[in-house]
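What follows is a single structure, written as structure tokens, with notes after it.
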Amino acid sequence: MKELVKIIAMALVDHPEQVTVTESENEEGITLELKVAPDDMGKVIGKQGRIAKSIRTVVKAAASKEDKKVNVEIAQ
């Protein structure tokens, strides 16, 4: 899942070298934290959060195939 988020984010931003994804696991499932350059934040979030919602939807669909619960957070 971590690589999936990273590939999607790198395709969207102007500074792909600054994309990082950290993974942490807790009792609720897996949390993926996406960090991008400040200039690229709008590209990852999108108008009214549509791109961020789409990223979360794709990751949840991929995670459901593996019976996992994954949450994607976009950090500043």
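Scope of the values below: all heavy atoms of this structure, side chains included, with no hydrogens, waters or symmetry mates.
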Rounded at 0.5 Å granularity, tell me how far [atom1] in [X] sits from [atom2] in [Y].
X	Y	atom1	atom2	result
Lys2	Ile7	NZ	CD1	12.5 Å
Arg56	Glu73	CZ	CD	8.0 Å
Leu4	Ile55	CG	CD1	9.5 Å
Ile8	Lys6	CD1	NZ	13.5 Å

Do [X] and [Y] make a side-chain contact, defined as non-hydrogen atoms from C-beta onward lying under 4.5 Å apart?
X	Y	value
Thr31	Thr22	no
Gln76	Met41	yes
Glu33	Val21	no
Met1	Glu66	yes
Lys43	Ile51	no

Would one find more than 12 heavy atoms of other residues, nucleotides or ligands at under 6.0 Å from atom CD of Gln48?
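No, the 6.0 Å shell around CD holds no more than 12 heavy atoms from other groups.
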
Side-chain donor or acceptor of Asp14 paired with backbone N/O of Asp40 under 3.5 Å
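Between the backbone of Asp40 and the side chain of Asp14 there is no qualifying donor-acceptor contact (under 3.5 Å).
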
Closest non-hydrogen atom pair between His15 and Ala37, with its separation
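Heavy atoms only, the tightest pair is CD2-CB, 4.2 Å.
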
Tell me which one of Ile30, Asn71, Val5 satisfies side-chain contact (heavy atoms from CB on, under 4.5 Å) with Val59.
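Output: one option passes, namely Val5.
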
